[in-house]
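Letters go in sequence order (proteins before strands), and every chain restarts at 1.
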Amino acid sequence: MLPAPPLPSVSPGLHAGFYDRPVVEVAEDLIGCTVAFTRAGELTSGVIVETEAYHDSEPACHAFAGLTPRTETLFGPPGRAYVYRSYGVHALLNAVCEPEGVGAAVLIRALEPLWGIEAMRERRGSVRDADLCSGPGKLTQALGIWLSENGGDLRRGPITIGPRADGWVQPSIVVGTRVGITKAVELPWRFCMAGNRHVSSPRPW
DNA sequence: CATGGGATTGACT
DNA sequence: GTCAATCCCATGC
């Protein structure tokens, strides 16, 4: 169960040091935090219910091949948005972690919608509400996040990630292996809010 | 410079 | 369950 939702304003972002830690730790701690984005004056936000960690030491991470034009943001300072195109079709949102010079990020894979649900429905078409943000490509579509947001500061916006709400109760978190990759498939670096209906498939329970 | 492979989704069988 | 869409960019010749 989620606590009462925060006010529908852009909450202050998490402090800079939050992201300057081991990426797997940040991935777990981001569960329950809030992503917000305003496009065309319309605020949409949701609670993070699923994440995955990626690190340049393992081959599933884009940064594994080193610093390239694509991975510039990944190797940059922590607390920025890494947004890239997936399968030529979708935009995927990540939070850059660990010190500058280390290529690491948390992929935001699913949200439980909080505000702007009507705007999400308009952008997503006729899908069940539980599927508005139940996948990494779905949530960027629902919030209206595009590649131009790559490199943005997650504390200042336009995309912000705010802390867990007051009264937040730590839920049980289910750990699993990452989705859709072919390398380093065994690493248990996927984190999901247990039993939450907005977690993407395949569900780890 | 040509090639091929995705951190996915939705439509269809 | 299968499969196409669609494009950035890393890799290799």
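- Contact annotation: Ser86(A) side-chain N/O to dA7(B) OP1/OP2 distance is not under 4.0 Å.
- At whole-Å resolution of the value, CZ in Arg178(A) and C1' in dT8(B) are 16 Å apart.
- Arg190(A) comes within 4.0 angstrom of nothing in the nucleic acid, heavy atoms only.
- Within the structure, every pair that satisfies the salt bridge (Lys or Arg N to Asp or Glu O under 4.0 Å) test and touches residues 45-63 of chain A, not counting sequence neighbours, is listed here: Glu50(A)-Arg109(A), Glu50(A)-Arg190(A), Glu52(A)-Arg109(A), Glu58(A)-Arg178(A).
- Backbone-only contact: Arg70(A) has heavy atoms under 4.0 Å from sugar-phosphate atoms and none from a base.
- Note: CG (Leu139(A)) to P (dA7(B)) measures 16 Å, nearest angstrom.
- The nearest whole Å value for the distance from the NZ atom in Lys183(A) to the P atom in dT11(C) is 9 Å.
- Residue whose closest nucleotide on DNA chain B sits further toward the 5' end, between Ala105(A) and Val127(A): Ala105(A).
- Although no hydrogens or angles enter the test, the distance criterion places a donor-acceptor pair under 3.5 Å between the side chain of Thr140(A) and the main chain of Ala91(A).
- Look at NE2 on His62(A): it is 10 Å from P on dA10(C), rounded to the nearest Å.
- Nearest to the side-chain atoms of Val89(A) among the listed nucleotides dG6(B), dA7(B), dA5(C) stands dA5(C).
- Rounded to whole Å, atom P of dT6(C) lies 19 Å from atom OH of Tyr84(A).
- Stacking between Tyr54(A) and dA7(B) is present: the aromatic ring centre lies within less than 5.5 angstrom of the base six-membered ring centre, and the two planes differ by under 30 degrees.
- Among the heavy atoms of the strands lying under 4.0 Å from Ala60(A) is at least one base atom, whether or not backbone atoms are also near.
- Between dT8(B) and Arg85(A), no contact under 4.0 Å exists linking OP1 or OP2 to a side-chain N or O.
- Linking Ile, Leu, Val, Met, Phe, Trp and Tyr residues whenever their side-chain heavy atoms come within less than 4.5 Å places Ile48(A) and Ile117(A) in a single cluster.
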For DNA chain C, what is the dot-bracket line, given that a base pair needs Watson-Crick (N1 to N3, plus N6-O4 or O6-N4) or G-U wobble (N1-O2 and O6-N3) geometry with both distances under 3.5 Å, and | means paired with another strand? |||||.||||||.

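- Judged by distance alone, the side chains of Gln141(A) and Arg123(A) never bring a donor and an acceptor atom under 3.5 Å apart.
- A distance-only check finds no donor-acceptor pair linking the side chain of Arg164(A) to the backbone of Gln170(A) [under 3.5 Å].
- If you take CG on Leu143(A) and OG1 on Thr44(A), they are separated by 3.5 Å, rounding to the nearest 0.5 Å.
- In this structure, the NZ atom of Lys138(A) is 11 Å from the P atom of dA11(B), given to the nearest Å.
- Backbone-only contact: Ile181(A) has heavy atoms under 4.0 Å from sugar-phosphate atoms and none from a base.
- Per the geometry, OH belonging to Tyr87(A) stands 6 Å off P belonging to dA7(B), to the nearest Å.
- Note that Arg80(A) lies outside the cation-pi zone of Tyr82(A), set by a 6.0 Å cut-off to the ring centre and a 45° limit from the axis.
- When the P atom of dG5(B) is taken as reference, atom CG of Leu92(A) falls 20 Å away, rounded to whole Å.
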